[in-house]
Amino acid sequence: MLISDERRMLFVHIPKTGGASVEQLLREMCPDARSVGKQRHARLRRILAQHPELAGYWSFGFVRNPWARMVSWYSMIETWDRRWGPSSGRPQEGQWGSTRDGNPLWRTVAAYADFEEFILRGTAEVDRLAMPQVDYLVDGEQRADFIGRTENLAADMATVQRELGIEVTEIPRRNTTSHGSYRDYYSPAARDRIGEVYAKDVEAFGYDF
């Protein structure tokens with residue numbers, strides 16, 4: 001997460017929704033922007049429980065089509081695995097101190113045989129892979145003040161900038177990958193599994209395959 005005391009802003013960073021680009025822009029435009037705590041992808045409920053003084057801050061985050069998001073997540077980890085992970089043939093004595101070292105989640109995913117196993121086994125075995133995005137953005141009955149969409153990142157980020165009273169500028173592109181149409185990755189079983197796991201996102205945001 002990222003906060004600005006001057007702007008009374010709280011950004012909830014959901015994995016694989018363009019959050020790295022959002023963070024970069026916010027740090028450039030809000031000199032006092034800072035991370036709080038060690039968990040980069042903390043949920044709003046946890047943030048406010050640990051830091052109740054932030055309850056009055058304007059909160060926002062971004063969500064993404066869950067089928068596209070899972071392809072992006074897998075592709076990122078697969079790229080790391082080929083370059084630095086077990087598949088690279090490099091020594092694997094990392095201490096999780098850098099991107100090259102990876103992290104426990106990446107190493108778990110790298111052990112799956114393919115995308116199908118990532119979806120069918122991963123969403124059953126790894127809680128983080130099965131967490132609906134809407135769960136990051138609620139605290140009881142209260143939702144974040146603004147929920148943008150990765151599919152509309154530039155326009156929705158402009159809405160955020162206007163709300164915060166900062167200049168509307170182009171959002172930088174970070175952590176982008178090219179992997180073709182996300183639909184090409186899915187078998188019927190994998191497609192249906194994501195529909196089940198992320199049913200709350202489908203209902204809340206109207207996403208479909």
Q: Look at Arg121 together with Glu116 and state whether they make a salt bridge at an N to O cut-off of under 4.0 Å.
A: no

Q.
Quick one, Leu153 and Thr17 - any side-chain contact, counting heavy atoms below 4.5 Å?
A. no

Q) What are the two closest heavy atoms between Ser87 and Asp81, and how far apart are they? A) OG-OD2, 2.7 Å

(Q) Give me each pair satisfying ring pair (Phe, Tyr, Trp, His ring centres under 6.0 Å) with a member in residues 13-42, each pair once, sequence neighbours excluded. (A) Phe11-His13, His13-His41

**Q.** Asp156: side chain to side chain contact (heavy atoms under 4.5 Å, CB included) partners, not counting sequence neighbours
**A.** Phe62, Phe146, Arg149, Asn152

Q | Any Leu25 side-chain heavy atom under 4.5 Å of Thr169 side chain | A | yes

Q: Walk me through it: do Ser35 and Arg27 pass the test side-chain hydrogen bond (donor to acceptor under 3.5 Å, both in side chains)?
A: CA-CA 10 Å; Ser35 300; Arg27 290 183 185 278; 2.9 Å; yes

Q: Establish whether Tyr198 and Ile14 are linked, either directly or via other cluster members, by ILVMFWY side-chain heavy-atom contacts under 4.5 Å.
A: no

Q) Is there a donor-acceptor pair under 3.5 Å between the side chain of Ser4 and the backbone N or O of Cys30? A) no

Q.
Restricting to non-hydrogen atoms, name the atom on Gly85 and the atom on Gln92 that form the minimum distance, rounded to 0.1 Å.
A. O-NE2, 3.2 Å

Q.
Would a single hydrophobic cluster contain both Ile47 and Leu164, if residues Ile, Leu, Val, Met, Phe, Trp and Tyr are joined by side-chain heavy-atom contacts under 4.5 Å?
A. no

Q. Which atom pair, heavy atoms only, marks the closest approach of Phe115 to Tyr185?
A. CD2-O, 3.3 Å

Q: Identify whether Phe60 and Val168 are in the same connected component of the hydrophobic contact network (ILVMFWY, side-chain heavy atoms under 4.5 Å).
A: no

Q.
Check this for me: does any side-chain nitrogen of one of Asp32 and Arg7 sit under 4.0 Å from a carboxylate oxygen of the other?
A. no

(Q) Please check: side-chain N/O of Asp201 versus main-chain N/O of Asn65, any donor-acceptor pairing under 3.5 Å? (A) no

Q | Considering all heavy atoms, the nearest Ile77-Ala110 contact | A | CG2-N, 4.3 Å

Q. Taking C-beta and beyond as the side chain, do Leu2 and Val22 meet within less than 4.5 Å on heavy atoms?
A. no

Q: Please report the shortest heavy-atom distance between Asp101 and Arg107, naming the atom on each side.
A: O-NH2, 2.9 Å

Q. Where the side chain of Arg90 meets the backbone of Arg83, is there a donor-acceptor pair that is under 3.5 Å apart?
A. yes

Q | side chain to side chain contact (heavy atoms under 4.5 Å, CB included), paired with Met9, selected from Leu26, Ile166, Val160, Leu54 | A | Leu26

Q: I would like to know whether Tyr112 and Glu125 meet side-chain hydrogen bond (donor to acceptor under 3.5 Å, both in side chains); could you show each step before the answer?
A: CA-CA 11 Å; Tyr112 292 140; Glu125 297 175 348; 2.8 Å; yes

(Q) Let me confirm one number: the CD-CG distance from Glu53 to Asp5, rounded to the nearest 0.5 Å. (A) 8.5 Å

Q) Do Val202 and Asp208 come within less than 4.5 Å of each other through their side chains, counting heavy atoms only? A) no

(Q) I'd like to know if the side chain of Glu78 reaches the main chain of Tyr74, judged simply by a donor and an acceptor atom lying under 3.5 Å from each other, with no hydrogens or angles considered. (A) no

Q) Quick check: are there more than 12 heavy atoms from other residues, nucleotides or ligands sitting under 6.0 Å from CZ of Arg191? A) yes

(Q) Is there a continuous path of hydrophobic side-chain contacts, each under 4.5 Å between heavy atoms, that joins Trp67 to Met76? (A) yes

Q. If every non-hydrogen atom of Met70 is compared with every non-hydrogen atom of Thr123, which pair is closest and at what distance?
A. CE-CG2, 4.1 Å

**Q.** Side chain to side chain, Tyr207 and Arg69, heavy atoms closer than 4.5 Å
**A.** no

Q | Atom CG of Asp114 with >12 non-hydrogen neighbours under 6.0 angstrom | A | yes

Q: Would you check if the side chain of Trp73 reaches a backbone N or O of Lys16 as a donor-acceptor pair within less than 3.5 Å?
A: no

Q. Between Ser72 and Arg64, is a side-chain hydrogen bond (donor to acceptor under 3.5 Å, both in side chains) present by the stated rule, with each step listed?
A. CA-CA 10 Å; Ser72 178; Arg64 185 177 188 176; 3.3 Å; yes

Q.
Please determine whether a side-chain nitrogen of the Lys or Arg among Asp135 and Lys200 lies less than 4.0 Å from a carboxylate oxygen of the Asp or Glu.
A. yes

(Q) Within a 6.0 Å radius of atom CZ on Arg43, are there more than 12 heavy atoms belonging to other residues, nucleotides or ligands? (A) no

(Q) Quick check for you: to the nearest 0.5 Å, what is the distance between Leu44 atom CG and Tyr136 atom OH? (A) 12.5 Å

Q.
I need the Leu120 CG to Ser187 OG distance, nearest 0.5 Å.
A. 6.0 Å

Q) Is Arg183 reaching over with its side chain to a backbone N or O of Phe209, donor-acceptor style, under 3.5 angstrom? A) yes

Q: State the CD-CD1 distance between Glu28 and Ile171, to the nearest 0.5 angstrom.
A: 10.0 Å

Q. If you group Ile, Leu, Val, Met, Phe, Trp and Tyr by side-chain heavy-atom gaps below 4.5 Å, do Ile194 and Phe205 land in one group?
A. no

Q.
Using 30° and 60° as the class boundaries, would you call the ring planes of Tyr186 and Tyr182 parallel, tilted or perpendicular?
A. perpendicular

Q: Please collect all side-chain hydrogen bond (donor to acceptor under 3.5 Å, both in side chains) contacts where either partner lies in residues 137-146, sequence neighbours excluded, each pair once.
A: Ser59-Asp145

Q) If you round to the nearest 0.5 Å, how far is CZ of Phe118 from CG of Leu129? A) 5.0 Å

Q: Would you give the length of the straight line joining atom CE of Met1 to atom CZ of Arg34, rounded to the nearest 0.5 angstrom?
A: 8.0 Å

